[in-house]
Amino acid sequence: MAEQSQNKEEAQARQIELPAEIKSWTKDHVKEWVLNENLVDTADADILHGQNIEGRSLLLLDKSDLRELGITLGPAKLILCKRDELMQLKKDKVVSQGSQSSRLCKPYPFHRYHDAYRYKANSILDVTESGASNFIEPCHEFKLFTHTEEENKMMKFTYEVVRFGAACMNSRTNGTIHFGVGDLPDFTHGQIVGVVVLDKEAFVNGLHQAKEGHFEHKHIEAAKKCIKTPRFVQVLNPDMTSSEKYVIEVDIVPAYEICQENDYHVYSVIKRKAKKKNQDKDKVEECKLFFVRDGTSSRDLPVQTSQKKPCEEYKKFIEDIKQLSQLRREAEKKHLTDLKGSVQGSRLSEMLTGGSQSLDKSHFERYLLITNKSHVMQLESLEFLLEMNLTAVLDFDPESEKNGLCKYFAEQRRINTHLPKHYKITEAVEDIAEKLKITKNTSWVFCNGDTKAEMPSDPDDWLTEKGASVRDVVSFLCRKDVLPQKRFLVVFLLLSSVNDRMDPLLESFSMFWQELGGTEQILCICENERAFTCWNDLIEARYGLNISARSISELSLAEINGTVLSLWSDNRRSSRFLPCGGASRVLLRKKVEECLDTLSILCANQCEGGTEEKESLEASFYKGGKVSWWNFYLSEQPGSMPFIKRDKYDFIKDTIIPELLSLRQACVYFSLLHLPGCGGTTLAKHIMWSLKDTFRCAVLKDTADNFAEVARQVVELLIYESAERSARLPVLLMMDDFEELDAVYDLKRHIDDQFVKRDLSSNCPQVILLNCMRTESWEQTEATKDTVFIGNNLSELEQMQFQKKLEEIEKTYKNADTFYGFMIMKKNFSREYIQGVARNTLKNFNFESKPAQLVAVLTLLNVYCKGAVLSVSLCEEFLQLQTKPCYASQKFEDEFGKFSTLLTCCTVEAKVVYEAIRSIHPRMAECCLQELTTTYNVSRAEILNMLLTDSMFYECTQGKDKLMQDVRNMLLKRLHSEEESRFSPVIHAIIKDTPGAEEMVLHNAAKRFDKDAIISQLLARYQYLKKKDFRQAKEWARKAKEISRESSYISDTSAQVIKHELKHAIASSKEDKDPMTPEKLRDYLKIACSARDAFRETQDTAKKEIALRAKVNRDNTPYNTAGYLGEIQVAVIIMDILEKVPVFAEVNPVRHNIMEQVLSGKITIQDVWWNDKKQGHAQYYPVLEEFSDLICNLKSTMKNLFNFLDAFFVNLGPRYNQRDKQKERSQQELFKCFHRYVELFCNSDAIEFLTSKNLNMATEILKGWKFLENHKADTLSGLLDSLSNKTSEPQIYLYQCHWFYMNHDHWIPPCSGQKLVRTLQEISNLGTGEATNRTRLLVVRLYYLHL
């Protein structure tokens, strides 16, 4: 559009010489401005001048201010409106001039109508209005079209298009006329403004009619073919949200085949309208015009007044039409020749898979997608994204969830939507990854808002408003402990052109480029070359990079879609089905399966149609890798030997499971207990494989998952597509490697709760839990109705099957002798065989080499920590290896050379899913460790010290948290089944093999886990148990307490230090030679008092702990009773101390009886002192009096503690404690203390009490009650425990004693806070027969008596 006027602002500035900035205006400038713009009369202008209104105050004025000055409403609104208009004009001018280069954009692809292309408001077309160039390159003309009145818009549009179209046809050049594009002076040349289009069809029809009306009849068809249908290109707001505006574009294509050598005249008005006005033909002919492109405009050659020159110009142009047409024809031929065939399809396959040409075996484990605003027409060609393993999508389209790619993706796949702020590291990285479910579901990150929770930003503001948080996302995803280094690909998919140098997508490219240290892991996909050219130019201008080698730009989205989909095998893309009743199947939709993300579902058609390499899969399994469903599937194919059936296979399938199905419970379970490495997991999966058509089978991915969510998903799997069926196929859920049976009970309870919550009634089991759990017991046990044991001895039948399988393997594999996982079982777990393999494989072992160090570490970990692994990423860092493709022909374990046969790869389903390496078999690890320690003098302490001190193991790598947890467990976890359980097995082994080395190990552990209270606690225990250094022990206990003040176990350690210090002091005093002195007595009692207080603090802390645990569904941590037991132990020590004091000397029965009365609170120390006539022990009494509170309440204190622990173990133990060994150990220690208590306080014989007739009533009652107390039968919980654990003869005595007290109901038992009151007279009618009924009724009676 030619310039026709001067900018209003510039004209005004020249007229009154106003400064460019309003804030610089004086009051004179303001007055002249309001008068010049006719905003107010002279009187109002004088008011403003008189009030000193200058530029800065003008900017602050509002309507109320002007009304207060006396200016009426009309002029006041005019002033404010004009001021705001002027400010906006200046702002737009600054933006258009200052940011023009940063907002350039390409025009919509010429002669295209279905490209997903949109303009952004205020961006600048990088083409100018122009004339003909090479005939093929289109010329352009811009029309603002916003100031045109609505009623004149159609006429304006059609006239301009006909004018421009005729000019292009005559000049034989392609061209595009744009409506809604600004020009000087009000806008920057080519600035996208857009116009509101209410009726698109009206423009299409109007142009069609204009072609018929304006062109000569003989050229109407040519005009229709050359002047294309209008194209409406949407204009987005600067923040990439949708608007109602469009740029209307019309392309002109005067192809030689259509135009030939014709010239095209047009009428200035539509012919039929002229006829309606009774205009004659001559008059119409006088309005005939001839337009050509002349520079930036379309010029009419004939109509140039009456001068001669223009007419000659017209004639010459007509004469040159033939030559012009030929030039057009040649240009078209040359353009077709320049179009070359693309080879980018194979290039895309190469870059997307890392060279494998298959996504099933891609070099890359994970993919990150970075994309911008999509168009609805593109979505049908983006199916390939649904099939890719997208870890995260960084979406810069704020409307994506509403009508874009996110909506399309979420309809078919499970996604988790996030904002960038969620990726800020505020806690442990793996904890954040777990919350966001990184690597488990696709994470969809809205990087420019989502119009709901966060508003979008303009490109100019995005970097300051959202750039930092998006950088957090990029940095998080590129961490070594989140995604495997070099094994993920970042794909930039440009669904909209990037033309602005401040575009957020460009900034994100920079972030990834910096984080990844180059472009080797970046792939850019552009829909067309024009979009790529803009993208590449911007990157090259800003960063000096040419990314053409890492880009795809010559393929359409449809071609990209087909190419990527072809990279998957048929099996990976095939549908999956679940079994239903009547041998039918239902489709398992991908989104549904992804929503059941705690379960790995075994489908009815699992592996069918697969093309996996049989030899590779079988070799991995036979070497010691975990069994996969492929192993079962391949064993069923023609020509293969069936999978080996263990003896318990048929028993479980044909006996255990049918018996479970006969129960009338919604959820049932059975346990498959197995020794490590004996094939328990393989057997469980073999059973599931055989039942996949009968049950809906699944494996629990992570035993640490929330059980409430697991239960919900299990029930969802059960009722999926069968909610209305009365008879559903049950779910068979396998859980592998639970630590405790408690977890099975807890999961069962949650599943039962789900059935109640959903009101799902059933008369038979709907869920069967197959608990596959390792056991440390080496004694084979008989199967029960809910437990099957797999030991380490093969039956003869099993050995025969293994022998036949070996013969088959040897026919196929040349290296069958290295299939140690298989051979260990084939040799019936022969230790001699395993030792021989370890000896030969570790020959010439050199601990100085890096691979050898890793082998040693893995060996130690696998011996002392089940399930321990090292991530492949960590091993690569440690060995300084180049990253290998996931499915490379050379396996990663091959990097360990001759040691590779001892190791195997596996996938770890943890907070972050990753690939790892482990020992092939627990027995092999044990023999290897033995070989290292005996033959090569590589001690456990040396390996463990290296593991603790080498920081490379704990740097930012995948699996770091699990490794630290494994090392920590190895140091801390004690085996309560062993008699010696002071320390973990590895510490005990180090103490035995290399005495003294354990101290360095523990100190290194304290440095590595410097913020871990339990490690500090371990050091404290070591110091007081092993070293007897109580000062150091107290220091470590203090440090532990500072780290974890709320832990009762840490508090107990502080108390234990003091208790052991007391015991050590007593043991060291050599009592036989050195009698108890008052000074020693004071020291001992002072320490005892401190110990008692410390244990009471432990009790208080335990109470707070259990209150908090009650709020956590899955916290089965037992109630810590150590504080109660510890106080009892201290009381026993006090009794031992006092027995050594001459005042209470045990050798003197009278003195000993005095001690019993003092400790029972019957007499005081002062009483004893007064009654000591000889005063031979006077020096001891002040000391005893000093600690009278501790001494005189000792019996009642102990009795209350015994009662509490009895009640806990009898009534509450099952709620908090399923660890029978720990309970047994505690009760054994408690029994020892109680025995000591009985010796002093409860000397009574039941037979003497029941048969004696010489005792008076008081003596009878006292002796009888002591007998009951001796058997802990003086309380309800104690009685219940006694009746359940004693023989029938003591039960009769206990009953008779209670019978006696029920007939003396006014008696209050001493030493008891419970008053026995007879409430049921019927008890007197009970006879002495039928001991079982008597016992039952007695318990019921006593229950009521104790209420």
I'd like to know if [X] pairs up with [Y] as an ion pair, taking the criterion as any Lys NZ or Arg NE/NH1/NH2 lying under 4.0 Å from an Asp or Glu carboxylate oxygen.
{"X": "E401", "Y": "K407", "value": "no"}
{"X": "E529", "Y": "K106", "value": "no"}
{"X": "E594", "Y": "R589", "value": "no"}

Side-chain donor or acceptor of [X] paired with backbone N/O of [Y] under 3.5 Å:
{"X": "T442", "Y": "L390", "value": "yes"}
{"X": "S123", "Y": "Y119", "value": "no"}
{"X": "S497", "Y": "N499", "value": "no"}

State whether a side-chain donor-acceptor pair under 3.5 Å links [X] with [Y].
{"X": "S457", "Y": "E465", "result": "yes"}
{"X": "N416", "Y": "W444", "result": "no"}
{"X": "N561", "Y": "S381", "result": "no"}
{"X": "N546", "Y": "S548", "result": "yes"}
{"X": "E527", "Y": "S556", "result": "no"}
{"X": "Q514", "Y": "S510", "result": "yes"}
{"X": "T907", "Y": "E915", "result": "yes"}
{"X": "N134", "Y": "R328", "result": "no"}

Just checking [X] against [Y], ring centres under 6.0 Å apart?
{"X": "H375", "Y": "Y117", "answer": "no"}
{"X": "F142", "Y": "H189", "answer": "yes"}
{"X": "Y367", "Y": "F488", "answer": "no"}
{"X": "F384", "Y": "W568", "answer": "no"}

Closest heavy-atom pair and its distance - [X], [Y]:
{"X": "N448", "Y": "P398", "value": "O-CB, 3.4 Å"}
{"X": "K591", "Y": "E411", "value": "CD-O, 4.0 Å"}
{"X": "S469", "Y": "K466", "value": "OG-O, 2.9 Å"}
{"X": "T426", "Y": "I432", "value": "N-CD1, 3.9 Å"}
{"X": "N237", "Y": "K120", "value": "O-CG, 3.7 Å"}
{"X": "S553", "Y": "F532", "value": "CB-CB, 3.4 Å"}

Is atom CZ of R542 surrounded by more than 12 heavy atoms (other residues, nucleotides or ligands) closer than 6.0 Å?
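Count over threshold, so yes.
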Does any non-hydrogen side-chain atom of C534 lie less than 4.5 Å from one of C105?
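A side-chain contact is absent here, since even the closest heavy-atom pair is not under 4.5 Å.
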Start with the C-alpha gap between I425 and D472, add the side-chain angles, then the distance that decides, and say whether side-chain contact (heavy atoms from CB on, under 4.5 Å) holds.
CA-CA 8 Å; I425 298 178; D472 288 340; over 6 Å; no
CG-CG distance between D503 and L463, expressed to the nearest 0.5 angstrom:
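That separation rounds to 11.5 Å.
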Separation between CE of M351 and CD of Q344, rounded to the nearest 0.5 Å
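One gets 7.0 Å once the value is rounded to the nearest 0.5 Å.
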Residue pair E876, V872: steps toward the side-chain contact (heavy atoms from CB on, under 4.5 Å) verdict:
CA-CA 6 Å; E876 287 176 339; V872 169; 3.9 Å; yes
Only one of R118, K373, K402 forms a salt bridge (Lys or Arg N to Asp or Glu O under 4.0 Å) with D397, so which one is it?
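It is K373, the one option of R118, K373, K402 that forms the salt bridge (Lys or Arg N to Asp or Glu O under 4.0 Å) with D397.
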